[in-house]
Amino acid sequence: MKRPEPVQVIKQRRDTALGKLVAGVPYIAWLGIGFERKGDELTATLPFSDKLIGNPMLPAIHGGVTAAFLEATATMELAWQLLWAEVESKRINPDEMTPETMPRLPKTIDFTVDYLRPGLPRDAYARARVVRSGRRYASVQVETWQDNRGKLFAAATGHFLMPARDE
Amino acid sequence: MSGDDSEDPKARIARQFIEAIPHSRELGMRLEEIGGGFAVISMPWDERLVGDPRTGVIHGGAVSALMDTCCGAAVISAEKTPRVTATLDLRIDYMRPATPGQRIVARATCYHVTRSVAFVRATAHDDDTDTPVATAAGAFTASSGEERTRSSEAVS
(Lines give C-alpha, C1' and ligand atoms only; values in the text may rest on other atoms or scores of the structure.)
Protein backbone atom coordinates (compact mmCIF):
# COMPACT_ATOMS: atom_id res chain seq x y z
CA MET A 1 0.00 0.00 0.00
CA LYS A 2 1.18 3.52 -0.81
CA ARG A 3 2.07 5.65 2.21
CA PRO A 4 -0.09 8.77 2.56
CA GLU A 5 1.63 12.11 1.94
CA PRO A 6 2.92 13.89 5.08
CA VAL A 7 0.37 16.39 6.41
CA GLN A 8 2.80 19.32 6.12
CA VAL A 9 3.24 18.68 2.41
CA ILE A 10 -0.51 18.66 1.84
CA LYS A 11 -1.05 21.79 3.94
CA GLN A 12 1.73 23.68 2.23
CA ARG A 13 0.41 22.80 -1.22
CA ARG A 14 -3.10 24.02 -0.33
CA ASP A 15 -1.86 27.19 1.40
CA THR A 16 0.39 28.05 -1.54
CA ALA A 17 -2.55 27.67 -3.93
CA LEU A 18 -4.83 29.86 -1.78
CA GLY A 19 -2.11 32.46 -1.21
CA LYS A 20 -1.44 32.83 -4.93
CA LEU A 21 -5.15 32.99 -5.77
CA VAL A 22 -5.80 35.80 -3.26
CA ALA A 23 -2.61 37.69 -4.14
CA GLY A 24 -3.79 37.78 -7.76
CA VAL A 25 -6.49 40.36 -6.99
CA PRO A 26 -5.10 43.85 -6.24
CA TYR A 27 -8.45 45.21 -4.95
CA ILE A 28 -8.63 42.48 -2.25
CA ALA A 29 -5.16 43.45 -1.04
CA TRP A 30 -6.06 47.16 -1.10
CA LEU A 31 -9.12 46.60 1.11
CA GLY A 32 -6.92 44.47 3.41
CA ILE A 33 -9.05 41.31 3.10
CA GLY A 34 -7.41 38.07 4.24
CA PHE A 35 -8.59 34.45 3.94
CA GLU A 36 -8.23 31.71 6.53
CA ARG A 37 -8.54 28.05 5.53
CA LYS A 38 -9.81 25.06 7.48
CA GLY A 39 -9.69 22.14 5.07
CA ASP A 40 -11.49 23.53 2.04
CA GLU A 41 -13.59 25.99 4.10
CA LEU A 42 -12.70 29.68 3.84
CA THR A 43 -13.36 32.55 6.23
CA ALA A 44 -12.63 36.07 5.04
CA THR A 45 -11.52 38.85 7.40
CA LEU A 46 -11.81 42.58 6.72
CA PRO A 47 -9.67 44.40 9.32
CA PHE A 48 -11.17 47.79 10.17
CA SER A 49 -9.33 50.86 8.94
CA ASP A 50 -10.30 54.55 8.66
CA LYS A 51 -10.38 54.46 4.86
CA LEU A 52 -13.38 52.09 5.04
CA ILE A 53 -15.62 54.63 6.81
CA GLY A 54 -18.81 55.72 5.08
CA ASN A 55 -20.46 57.74 7.84
CA PRO A 56 -17.84 59.63 9.91
CA MET A 57 -20.46 60.69 12.50
CA LEU A 58 -21.33 57.17 13.74
CA PRO A 59 -18.71 56.05 12.53
CA ALA A 60 -19.89 53.19 10.29
CA ILE A 61 -18.33 51.13 7.50
CA HIS A 62 -19.29 52.35 4.00
CA GLY A 63 -22.11 50.31 2.46
CA GLY A 64 -20.00 49.99 -0.66
CA VAL A 65 -17.17 48.43 1.36
CA THR A 66 -19.61 45.92 2.84
CA ALA A 67 -20.82 45.06 -0.68
CA ALA A 68 -17.24 44.78 -1.95
CA PHE A 69 -16.23 42.55 0.98
CA LEU A 70 -19.19 40.23 0.37
CA GLU A 71 -18.61 40.12 -3.38
CA ALA A 72 -14.89 39.43 -2.97
CA THR A 73 -15.69 36.61 -0.50
CA ALA A 74 -18.25 35.08 -2.89
CA THR A 75 -15.90 35.27 -5.90
CA MET A 76 -12.99 33.80 -3.92
CA GLU A 77 -15.14 30.93 -2.61
CA LEU A 78 -16.11 29.98 -6.18
CA ALA A 79 -12.58 30.38 -7.52
CA TRP A 80 -11.18 28.42 -4.57
CA GLN A 81 -13.56 25.49 -5.15
CA LEU A 82 -12.41 25.32 -8.79
CA LEU A 83 -8.75 25.58 -7.83
CA TRP A 84 -9.11 23.10 -4.96
CA ALA A 85 -10.32 20.41 -7.36
CA GLU A 86 -7.39 21.11 -9.69
CA VAL A 87 -4.81 21.04 -6.88
CA GLU A 88 -6.18 17.95 -5.10
CA SER A 89 -6.22 15.97 -8.35
CA LYS A 90 -2.64 17.19 -9.05
CA ARG A 91 -3.69 18.68 -12.39
CA ILE A 92 -2.20 21.95 -11.11
CA ASN A 93 1.01 22.27 -9.12
CA PRO A 94 0.64 25.45 -6.99
CA ASP A 95 4.42 25.97 -6.92
CA GLU A 96 4.45 26.37 -10.70
CA MET A 97 1.30 28.50 -10.82
CA THR A 98 1.90 32.01 -12.26
CA PRO A 99 -0.59 34.86 -12.77
CA GLU A 100 -0.74 33.76 -16.44
CA THR A 101 -1.47 30.09 -15.74
CA MET A 102 -3.82 30.64 -12.79
CA PRO A 103 -7.44 29.61 -13.48
CA ARG A 104 -9.62 32.58 -14.51
CA LEU A 105 -11.93 34.12 -11.89
CA PRO A 106 -15.73 33.90 -12.14
CA LYS A 107 -17.44 37.10 -13.32
CA THR A 108 -20.29 38.69 -11.35
CA ILE A 109 -23.61 38.80 -13.22
CA ASP A 110 -25.65 40.35 -10.40
CA PHE A 111 -25.21 40.91 -6.69
CA THR A 112 -27.84 41.89 -4.10
CA VAL A 113 -26.90 43.03 -0.62
CA ASP A 114 -29.24 43.22 2.41
CA TYR A 115 -27.98 45.68 5.00
CA LEU A 116 -29.16 44.41 8.38
CA ARG A 117 -27.25 46.60 10.87
CA PRO A 118 -24.67 49.38 10.66
CA GLY A 119 -21.13 48.07 10.10
CA LEU A 120 -19.24 49.04 13.26
CA PRO A 121 -15.63 50.27 13.36
CA ARG A 122 -14.40 46.72 14.04
CA ASP A 123 -13.06 43.77 12.05
CA ALA A 124 -15.65 41.94 9.96
CA TYR A 125 -15.79 38.28 8.95
CA ALA A 126 -17.57 36.58 6.08
CA ARG A 127 -18.31 33.13 4.75
CA ALA A 128 -19.86 32.19 1.42
CA ARG A 129 -21.92 29.16 0.47
CA VAL A 130 -22.15 27.97 -3.10
CA VAL A 131 -25.82 27.11 -3.51
CA ARG A 132 -25.47 25.84 -7.06
CA SER A 133 -22.50 25.64 -9.33
CA GLY A 134 -23.06 24.52 -12.87
CA ARG A 135 -20.73 24.43 -15.86
CA ARG A 136 -21.67 27.98 -16.88
CA TYR A 137 -23.52 29.67 -13.98
CA ALA A 138 -23.24 29.67 -10.20
CA SER A 139 -25.42 31.00 -7.39
CA VAL A 140 -23.74 32.02 -4.13
CA GLN A 141 -24.97 33.23 -0.73
CA VAL A 142 -22.66 35.09 1.62
CA GLU A 143 -22.97 36.44 5.17
CA THR A 144 -20.93 38.88 7.22
CA TRP A 145 -20.79 39.51 10.95
CA GLN A 146 -18.60 41.32 13.45
CA ASP A 147 -18.56 40.53 17.18
CA ASN A 148 -21.27 37.84 17.20
CA ARG A 149 -21.54 35.07 14.63
CA GLY A 150 -25.32 35.03 15.13
CA LYS A 151 -25.78 38.76 14.48
CA LEU A 152 -25.22 39.32 10.78
CA PHE A 153 -24.72 42.93 9.73
CA ALA A 154 -25.19 42.15 6.04
CA ALA A 155 -25.99 39.24 3.75
CA ALA A 156 -25.93 38.91 -0.01
CA THR A 157 -26.82 36.65 -2.87
CA GLY A 158 -25.27 36.74 -6.31
CA HIS A 159 -25.01 35.02 -9.66
CA PHE A 160 -21.74 34.40 -11.41
CA LEU A 161 -20.52 33.42 -14.84
CA MET A 162 -18.01 30.59 -14.49
CA PRO A 163 -14.76 30.73 -16.47
CA ALA A 164 -14.63 28.53 -19.55
CA ARG A 165 -12.75 25.36 -18.57
CA ASP A 166 -10.39 25.26 -21.54
CA GLU A 167 -9.26 28.92 -21.33
CA MET B 1 -15.44 70.70 -5.96
CA SER B 2 -17.62 73.42 -4.41
CA GLY B 3 -21.18 74.21 -5.37
CA ASP B 4 -22.16 77.46 -7.02
CA ASP B 5 -24.42 80.05 -5.36
CA SER B 6 -27.49 78.96 -7.29
CA GLU B 7 -27.43 75.53 -5.59
CA ASP B 8 -30.40 74.95 -3.26
CA PRO B 9 -29.63 74.55 0.48
CA LYS B 10 -30.54 70.87 0.54
CA ALA B 11 -28.21 70.12 -2.37
CA ARG B 12 -25.43 72.11 -0.67
CA ILE B 13 -25.74 70.12 2.56
CA ALA B 14 -25.88 66.86 0.61
CA ARG B 15 -22.75 67.92 -1.30
CA GLN B 16 -20.84 68.67 1.92
CA PHE B 17 -21.94 65.35 3.40
CA ILE B 18 -20.94 63.30 0.34
CA GLU B 19 -17.61 65.05 -0.07
CA ALA B 20 -16.73 64.25 3.58
CA ILE B 21 -17.10 60.45 3.24
CA PRO B 22 -13.63 58.97 3.89
CA HIS B 23 -14.05 55.87 1.71
CA SER B 24 -15.40 57.85 -1.25
CA ARG B 25 -12.46 60.28 -1.02
CA GLU B 26 -10.10 57.30 -0.86
CA LEU B 27 -11.57 56.01 -4.14
CA GLY B 28 -11.19 59.44 -5.76
CA MET B 29 -14.94 59.94 -6.23
CA ARG B 30 -16.02 63.34 -7.56
CA LEU B 31 -19.50 64.76 -7.17
CA GLU B 32 -20.42 66.16 -10.59
CA GLU B 33 -24.04 67.09 -10.03
CA ILE B 34 -26.60 66.93 -7.22
CA GLY B 35 -30.10 68.17 -6.42
CA GLY B 36 -33.79 67.27 -6.47
CA GLY B 37 -33.25 63.56 -5.93
CA PHE B 38 -30.68 63.22 -8.72
CA ALA B 39 -26.92 62.76 -8.37
CA VAL B 40 -23.95 62.19 -10.68
CA ILE B 41 -20.67 60.90 -9.20
CA SER B 42 -17.58 59.79 -11.11
CA MET B 43 -14.62 57.60 -10.08
CA PRO B 44 -11.26 57.32 -11.86
CA TRP B 45 -9.71 54.02 -12.96
CA ASP B 46 -7.01 53.07 -10.46
CA GLU B 47 -4.67 50.06 -10.47
CA ARG B 48 -5.36 49.50 -6.74
CA LEU B 49 -9.00 48.73 -7.61
CA VAL B 50 -8.25 46.13 -10.27
CA GLY B 51 -10.06 42.80 -9.89
CA ASP B 52 -8.34 40.89 -12.70
CA PRO B 53 -4.71 41.88 -13.42
CA ARG B 54 -4.76 40.05 -16.77
CA THR B 55 -7.37 42.46 -18.13
CA GLY B 56 -6.91 45.47 -15.81
CA VAL B 57 -10.68 45.60 -15.26
CA ILE B 58 -11.85 47.21 -12.02
CA HIS B 59 -13.33 44.88 -9.36
CA GLY B 60 -17.12 44.84 -9.14
CA GLY B 61 -16.85 45.80 -5.48
CA ALA B 62 -15.42 49.23 -6.36
CA VAL B 63 -18.32 49.77 -8.78
CA SER B 64 -20.67 48.80 -5.91
CA ALA B 65 -19.09 51.45 -3.68
CA LEU B 66 -19.60 54.07 -6.41
CA MET B 67 -23.23 53.00 -6.96
CA ASP B 68 -23.99 52.96 -3.22
CA THR B 69 -22.52 56.44 -2.72
CA CYS B 70 -24.34 57.87 -5.75
CA CYS B 71 -27.68 56.35 -4.71
CA GLY B 72 -27.27 57.68 -1.16
CA ALA B 73 -26.46 61.13 -2.56
CA ALA B 74 -29.60 61.10 -4.69
CA VAL B 75 -31.68 60.14 -1.63
CA ILE B 76 -30.43 62.91 0.68
CA SER B 77 -30.78 65.52 -2.06
CA ALA B 78 -34.48 64.64 -2.59
CA GLU B 79 -37.09 67.07 -1.32
CA LYS B 80 -38.86 64.98 1.33
CA THR B 81 -35.98 62.97 2.82
CA PRO B 82 -33.96 63.54 6.03
CA ARG B 83 -30.32 64.58 5.80
CA VAL B 84 -29.03 61.11 6.61
CA THR B 85 -29.83 57.76 5.08
CA ALA B 86 -28.68 54.16 5.22
CA THR B 87 -28.87 51.47 2.57
CA LEU B 88 -31.53 48.81 3.18
CA ASP B 89 -30.74 46.82 0.07
CA LEU B 90 -28.95 47.35 -3.18
CA ARG B 91 -28.90 45.13 -6.26
CA ILE B 92 -26.25 45.62 -8.91
CA ASP B 93 -26.36 44.09 -12.39
CA TYR B 94 -23.07 43.99 -14.26
CA MET B 95 -23.63 44.40 -18.00
CA ARG B 96 -20.02 44.50 -19.21
CA PRO B 97 -16.49 45.10 -17.88
CA ALA B 98 -15.57 48.78 -17.51
CA THR B 99 -12.78 49.72 -19.93
CA PRO B 100 -9.45 50.06 -18.05
CA GLY B 101 -8.14 53.61 -17.86
CA GLN B 102 -11.56 55.24 -18.24
CA ARG B 103 -13.55 57.12 -15.57
CA ILE B 104 -16.76 55.46 -14.45
CA VAL B 105 -19.73 57.83 -14.14
CA ALA B 106 -22.77 56.85 -12.05
CA ARG B 107 -26.16 58.59 -12.34
CA ALA B 108 -28.76 57.92 -9.64
CA THR B 109 -32.41 58.94 -9.38
CA CYS B 110 -34.45 58.77 -6.22
CA TYR B 111 -37.78 58.15 -7.94
CA HIS B 112 -40.10 57.58 -4.99
CA VAL B 113 -40.08 58.51 -1.30
CA THR B 114 -42.50 57.30 1.40
CA ARG B 115 -42.45 58.31 5.08
CA SER B 116 -39.84 55.65 5.77
CA VAL B 117 -38.30 54.42 2.52
CA ALA B 118 -36.63 55.99 -0.52
CA PHE B 119 -36.43 54.02 -3.79
CA VAL B 120 -33.47 54.58 -6.11
CA ARG B 121 -32.25 53.50 -9.54
CA ALA B 122 -28.78 54.09 -10.96
CA THR B 123 -26.75 53.51 -14.12
CA ALA B 124 -22.97 53.55 -14.59
CA HIS B 125 -21.08 54.21 -17.84
CA ASP B 126 -17.50 54.63 -18.95
CA ASP B 127 -16.56 56.59 -22.12
CA ASP B 128 -18.96 54.42 -24.13
CA THR B 129 -22.26 56.05 -23.19
CA ASP B 130 -24.40 53.65 -25.25
CA THR B 131 -24.11 50.51 -23.13
CA PRO B 132 -24.10 50.76 -19.33
CA VAL B 133 -21.29 49.08 -17.36
CA ALA B 134 -23.77 48.37 -14.57
CA THR B 135 -27.23 49.26 -13.30
CA ALA B 136 -28.46 49.33 -9.72
CA ALA B 137 -31.76 49.37 -7.84
CA GLY B 138 -32.10 49.88 -4.12
CA ALA B 139 -34.12 50.90 -1.09
CA PHE B 140 -32.76 53.38 1.45
CA THR B 141 -34.02 54.54 4.86
CA ALA B 142 -35.96 57.80 4.75
CA SER B 143 -36.98 58.16 8.39
CA SER B 144 -35.00 60.26 10.88
CA GLY B 145 -32.65 57.31 11.33
CA GLU B 146 -32.79 57.53 15.13
CA GLU B 147 -33.75 53.89 15.68
CA ARG B 148 -30.86 52.67 13.50
CA THR B 149 -28.11 54.83 14.92
CA ARG B 150 -29.33 54.72 18.53
CA SER B 151 -29.75 50.95 18.63
CA SER B 152 -27.80 49.14 21.32
CA GLU B 153 -25.74 47.39 18.61
CA ALA B 154 -24.57 50.67 17.18
CA VAL B 155 -23.21 52.00 20.46
CA SER B 156 -22.11 48.80 22.20
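Protein chains get the first letters and strands the later ones, always in sequence-line order, with residue 1 at the start of each. Any value given below was found using the heavy atoms of this structure, including those in side chains, with hydrogens, waters and symmetry copies removed. From a predicted model like this one, the values you see are computed outputs, not experimental measurements.
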Q: Go through the atoms of A:Leu105 and report whether side chain, backbone, both or neither lie under 4.5 Å from a heavy atom of chain B.
A: side chain

Q: Step through the shown structure and confirm whether more than 12 heavy atoms of other residues, nucleotides or ligands are within 6.0 Å of CD on A:Glu88.
A: yes

Q: Any link between A:Phe153 and A:Leu58 through a network of hydrophobic side chains (Ile, Leu, Val, Met, Phe, Trp, Tyr) touching at under 4.5 Å?
A: no

Q: Kindly check if the number of other-residue, nucleotide or ligand heavy atoms within 6.0 Å of CZ (A:Arg135) is above 12?
A: no

Q: Quick check on B:Arg54: does its CZ atom have over 12 non-hydrogen neighbours (other residues, nucleotides or ligands) under 6.0 Å away?
A: yes

Q: Looking at chain A, which one of B:Asp89, B:Val63, B:Leu49 has the largest number of heavy-atom pairs inside 4.5 Å, strictly under?
A: B:Leu49

Q: At what distance, to the nearest 0.5 angstrom, does OG of A:Ser49 lie from CD of B:Glu26?
A: 7.5 Å

Q: Is chain A contacted by the side chain of B:Arg48, its backbone, both, or neither, given a heavy-atom distance below 4.5 Å?
A: both

Q: Given a strict heavy-atom distance threshold of 4.5 Å, which part of A:Asp114 is in contact with chain B: side chain, backbone, both, or neither?
A: both

Q: For A:Gln146, which atoms come within 4.5 Å of any heavy atom of chain B: side chain, backbone, both, or neither?
A: neither

Q: Could you tell me the separation between the CG atom of A:Leu31 and the NE2 atom of B:His23, rounded to the nearest 0.5 Å?
A: 6.0 Å

Q: Decide yes or no for A:Val113 and B:Arg91: does some side-chain heavy atom of the first lie under 4.5 Å from some side-chain heavy atom of the second?
A: no

Q: Please classify the contact of A:Ile61 with chain B as side chain, backbone, both or neither, using a heavy-atom distance under 4.5 Å.
A: neither

Q: With a 4.0 Å cut-off on N to O distance, would you call A:Arg104 and B:Asp52 a salt bridge?
A: yes

Q: With a 6.0 Å cut-off (strictly less than), is the heavy-atom count around CZ of B:Arg121, excluding the residue itself, greater than 12?
A: no

Q: What's the spacing between B:Thr87 OG1 and A:His62 NE2 if we round to 0.5 Å?
A: 8.0 Å

Q: What distance do B:Thr85 atom OG1 and A:Asn55 atom CG have between them, rounded to the nearest 0.5 Å?
A: 10.5 Å

Q: Distance from B:Glu47 atom CD to A:Trp30 atom CH2, nearest 0.5 Å?
A: 13.0 Å

Q: Between A:Pro56 and B:Pro22, is there a side-chain heavy-atom distance shorter than 4.5 Å?
A: yes

Q: Quick check on A:Arg149: does its CZ atom have over 12 non-hydrogen neighbours (other residues, nucleotides or ligands) under 6.0 Å away?
A: yes

Q: Counting only heavy atoms not in B:Tyr111, do more than 12 fall under 6.0 Å of its OH?
A: yes

Q: Is A:Leu82 reachable from A:Val130 through a run of hydrophobic residues whose side-chain heavy atoms are each under 4.5 Å from the next?
A: yes

Q: Do you reckon B:Val133 sits in the same ILVMFWY cluster as B:Tyr94, going by side-chain contacts under 4.5 Å, direct or chained?
A: no

Q: Are the side chains of A:Tyr115 and B:Thr141 in touch, meaning some heavy atoms are under 4.5 Å apart?
A: no

Q: Give a yes or no on whether B:Arg96 atom CZ has more than 12 heavy-atom contacts from other residues, nucleotides or ligands under 6.0 Å away.
A: yes

Q: Just verifying a value: how many Å separate B:Asp93 CG and A:Phe111 CZ, rounded to the nearest 0.5 Å?
A: 12.5 Å

Q: For B:Gly51 and A:Val25, work out which heavy atoms get closest and say how close.
A: O-CG1, 3.4 Å

Q: Same cluster or not: are B:Ile92 and A:Ile109 linked, directly or through other Ile, Leu, Val, Met, Phe, Trp or Tyr residues, by side-chain heavy atoms under 4.5 angstrom apart?
A: no

